[in-house]
Q: 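I'd like to ask some things about the structure below.
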Amino acid sequence: MKKDIEKKDLWLLGANVAVWAVVLLVLPLATFLSTRDVTTIGPSFFVALRQFMSSCVVYFVNFYLFGPYLFFKRRNWWFVICNLVLILALNSRFFLFYFHRPNIPHMHHMPGMDSRMWIGIFSSFLMFFILNCLMAAIAIGIRHFIRTRRIKQQLKEEKAKNTEAELAWLKNQINPHFLFNTLNNISSLTQIDADSAQDAIAQLSDLLRYAMYETNKKMVPIDGEINFMRNFIDLMKLRCNEKSVINSEFTIHNPQLEVAPLLFISLIENAFKHGVSSNRPSSIDICLKEEEDRLVFTCDNTNYPKNDTDRSGSGIGLENTRRRLELVYHGRYEWEQSITPDNIYHVRITLKKQ
């Protein structure tokens, strides 16, 4: 980053020098074009240099010294005083003209013509003073514009880094979250059917392999996500009894359509946690379909909310899903969540394709 900033500063310095070089060459070029005499270029250049040198010095000193170290650090009085001293020093030739003309008496002892001459001298001084103040203001204005752009760029980069870090943190929360619940299911299964438990462990291994090695990107092909969700649903069915009806439907026309990894898993897991009862009829309907310009995920399940002492239903996964949607699909998603009169929990996510 440091090298990039230094390179930008060099480009900025070159641009400033180029602009002032053009300003100083305008008069010599205009003189040459009007006279077609090469010998007029040198004198015209020195005239332009004499006229604009003080403004050039004021500009560069304010741009590289007074602006960064006084004005932008809110040392306003020092900024004003230093500029006044600099401008008066650069325009001291008007005062030197007064002290090095002993043959000219003071203004009030001079005849009318001499008085007009002194009025012209002070008028010229006032003009150059205002011009130099204007150069200082232009330098500060340009510096402020560049500084503001850099600050905005830095904030944008920091925001992007924070977003990536938060997304990584949210995904890392998802993995142990569903791992914890799945291991609980397999643990219960070992007491009933050891062979099925062994198959479930192999299936869990495939799930973890995908979660660890295939989801490191911001977006992944949806066919891999569908296979993951199917396996995950099969694994979660281990906790269901004959009173539970589980339906899933995946209708995708473009298997290479990309989606954020593990985006819907928390909702599916939430459906099994809160939608399955051991002694009451239960149902879960999961659907993911691709429409014209959007991807629609719906999940409907019977609603058997956990009590306050059951931490397996703390809702961490649901909160993470909402946050990931806001980070990855900001302005391109719709979220619907409700409980129907017949006690069916409904959630629907609509993602707009890019």
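Treat the numbers as computed from the prediction; the structure is a model and nothing was measured. Side chains included, hydrogens not; waters and symmetry mates left out as well; all remaining heavy atoms used.
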Q: Looking at Thr302 and Gly275, would you say the former's side chain and the latter's main chain have a donor-acceptor pair under 3.5 Å?
A: yes
Q: Could you give the distance from CZ (Phe71) to CZ (Arg147), rounded to the nearest 0.5 Å?
A: 9.5 Å
Q: Does a side-chain N-to-carboxylate-O contact under 4.0 Å join Glu291 and Arg294?
A: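 Salt bridge: yes.
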Q: Should we say atom NE2 of His253 is surrounded by more than 12 heavy atoms from elsewhere, each under 6.0 Å from it?
A: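 Yes, because the 6.0 Å sphere around NE2 of His253 holds more than 12 heavy atoms from other groups.
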Q: Of all the heavy-atom pairs spanning Val328 and Met219, show the shortest one and how long it is.
A: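 Heavy atoms only, the tightest pair is CG1-SD, 4.1 Å.
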Q: Provide the closest heavy-atom pair for Ile140 versus Asn62 in the form atom of the first, atom of the second, distance.
A: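 Minimum heavy-atom separation between Ile140 and Asn62: CD1-O, 3.9 Å.
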Q: Rounded to the nearest 0.5 Å, what separates atom OG1 in Thr148 from atom NE2 in His144?
A: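 Atom-to-atom, Thr148:OG1 and His144:NE2 are 3.5 Å apart.
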Q: Please report the interatomic distance CZ(Arg322) to OH(Tyr333), rounded to the nearest 0.5 Å.
A: 5.5 Å
Q: Quick check: are there more than 12 heavy atoms from other residues, nucleotides or ligands sitting under 6.0 Å from OH of Tyr69?
A: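 Counting other residues, nucleotides and ligands, OH of Tyr69 stays at 12 neighbours or fewer.
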Q: How far apart are the closest heavy atoms of Phe272 and Lys237, and which atoms are they?
A: CE2-N, 4.2 Å
Q: Between Lys73 and Pro68, what is the shortest heavy-atom contact and its length?
A: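 Where Lys73 meets Pro68 most closely, the heavy atoms are CG-O, 3.7 Å.
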Q: Any side-chain to backbone donor/acceptor pair from Arg324 onto Leu262? Under 3.5 Å, distance only.
A: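 The answer is yes, because a donor-acceptor pair under 3.5 Å joins these two groups.
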Q: Would you confirm whether Arg332, through its side chain, and Lys352, through its main-chain N or O, come within 3.5 Å as a donor-acceptor pair?
A: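 The answer is yes, because a donor-acceptor pair under 3.5 Å joins these two groups.
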Q: Under a 3.5 Å distance rule, please check whether Thr350 uses its side chain to pair with a backbone N or O of Glu334 as donor and acceptor.
A: no
Q: What are the two closest non-hydrogen atoms of Glu292 and Lys353, and how far apart are they?
A: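 Taking Glu292 first and Lys353 second, the nearest heavy atoms are O-NZ, 3.5 Å.
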Q: I want to check something: taking the side chain as every heavy atom from C-beta on, are Ile286 and Phe297 in contact at a cut-off of under 4.5 Å?
A: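 When only atoms from C-beta onward are counted, Phe297 and Ile286 do touch, with a gap below 4.5 Å.
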Q: I'd like to know if the side chain of Asn270 reaches the main chain of Ser266, judged simply by a donor and an acceptor atom lying under 3.5 Å from each other, with no hydrogens or angles considered.
A: no
Q: Does Cys240 offer a backbone N or O that forms a donor-acceptor pair with the side chain of Ser244 under 3.5 Å?
A: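 Between the backbone of Cys240 and the side chain of Ser244 there is no qualifying donor-acceptor contact (under 3.5 Å).
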Q: Say whether, by atom type as modelled, one donor and one acceptor occur between the side chain of Asn303 and the main chain of Ile344 under 3.5 angstrom.
A: no
Q: Does the side chain to side chain contact (heavy atoms under 4.5 Å, CB included) test come out yes or no for Ile252 and Asp223, once each step is laid out?
A: CA-CA 8 Å; Ile252 302 297; Asp223 58 341; over 6 Å; no
Q: Can you check side chain to side chain contact (heavy atoms under 4.5 Å, CB included) on Arg143 and Tyr64, steps first, answer last?
A: CA-CA 9 Å; Arg143 192 70 175 184; Tyr64 287 103; 4.2 Å; yes
Q: Has the side chain of Ser282 got a donor or acceptor atom that lies under 3.5 Å from a matching backbone atom of Arg280?
A: yes
Q: Under 6.0 Å from the CH2 atom of Trp335, do we count more than 12 heavy atoms belonging to anything else shown?
A: yes
Q: Would you mind reporting whether Phe63 and Ile146 have side-chain heavy atoms less than 4.5 Å apart?
A: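 SC-SC contact between Ile146 and Phe63 confirmed.
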Q: Which of these passes side chain to side chain contact (heavy atoms under 4.5 Å, CB included) with Ile233: Ile268, Ile265, Ile284?
A: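 Per the side chain to side chain contact (heavy atoms under 4.5 Å, CB included) rule, the option paired with Ile233 is Ile268, out of Ile268, Ile265, Ile284.
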Q: With side chains defined as the heavy atoms from C-beta onward, is the minimum distance between Leu257 and Leu295 less than 4.5 Å?
A: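 In contact.
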Q: Is there a side chain to side chain contact (heavy atoms under 4.5 Å, CB included) between Val347 and Glu336? Walk through the geometry before answering.
A: CA-CA 5 Å; Val347 61; Glu336 297 178 12; over 6 Å; no
Q: Do Glu249 and Leu288 come within less than 4.5 Å of each other through their side chains, counting heavy atoms only?
A: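 Side chain of Glu249 against side chain of Leu288, heavy atoms only: no contact under 4.5 Å found.
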Q: If I compare all heavy atoms of Arg348 with all of Thr298, which pair ends up nearest, and what's the gap?
A: CG-CG2, 3.7 Å
Q: Between OG1 of Thr251 and CD of Glu290, what distance do you get to the nearest 0.5 Å?
A: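 So the gap between those two atoms works out to 10.0 Å.
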Q: Using the rule side chain to side chain contact (heavy atoms under 4.5 Å, CB included), only one of Leu131, Leu134, Ile87 pairs with Val58; which is it?
A: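 Considering Leu131, Leu134, Ile87, a side chain to side chain contact (heavy atoms under 4.5 Å, CB included) with Val58 is found only for Ile87.
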